[in-house]
Amino acid sequence: SRANCVWVFRCTFKNSVGRRFTLDLALLSCLYDFKCPVAQTILQEEGGARMFYVPDTKWQIVLPINHILGRVPLMKAFLCGSSSPTIPCQFARWKQLYFKHGHADRN
């Protein structure tokens, strides 16, 4: 089983001239960019929002919270009326181009 995980935390840094600044950060795990053009909605096309999928091989990244969908909470996507938050089988033919680290539903 896989677990998607978002840890939110605050961190204070000091730059080379000694000025301190604080950032709200998020640790994202088990997510890859899903850039399949036929799955994009107005949020991706015009708003620049990113879609993610759970990969077969896990990775982690730390980034500022305001880089995540403009501070919109992460939610599971149900593409094309799918009943589960996975990549629908109709996108399977684009695996090598858009989600080579994951897989689509079988039916």
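Numbers here are sequence positions counted from 1.
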Among all residues two or more places apart in sequence or in another chain, which pass the side chain to side chain donor-acceptor pair (under 3.5 Å) test with R10? D24

Of all heavy-atom pairs between K35 and Q40, which one has the smallest distance, and what is that distance? O-NE2, 4.1 Å

Acceptor/donor pairs from residues 91-99 side chains to any protein atom, 3.5 angstrom cut, sequence neighbours excluded:
{"from": "K95", "atom 1": "NZ", "to": "K100", "atom 2": "O", "distance (Å)": "3.4"}
{"from": "K95", "atom 1": "NZ", "to": "G102", "atom 2": "O", "distance (Å)": "2.1"}

Using the test side-chain contact (heavy atoms from CB on, under 4.5 Å), find all partners of F13 that sit at least two apart in sequence or belong to another chain. C11, F21, L23, L25

Could I get the full list of side chain to side chain donor-acceptor pair (under 3.5 Å) partners for S16, not counting sequence neighbours? none

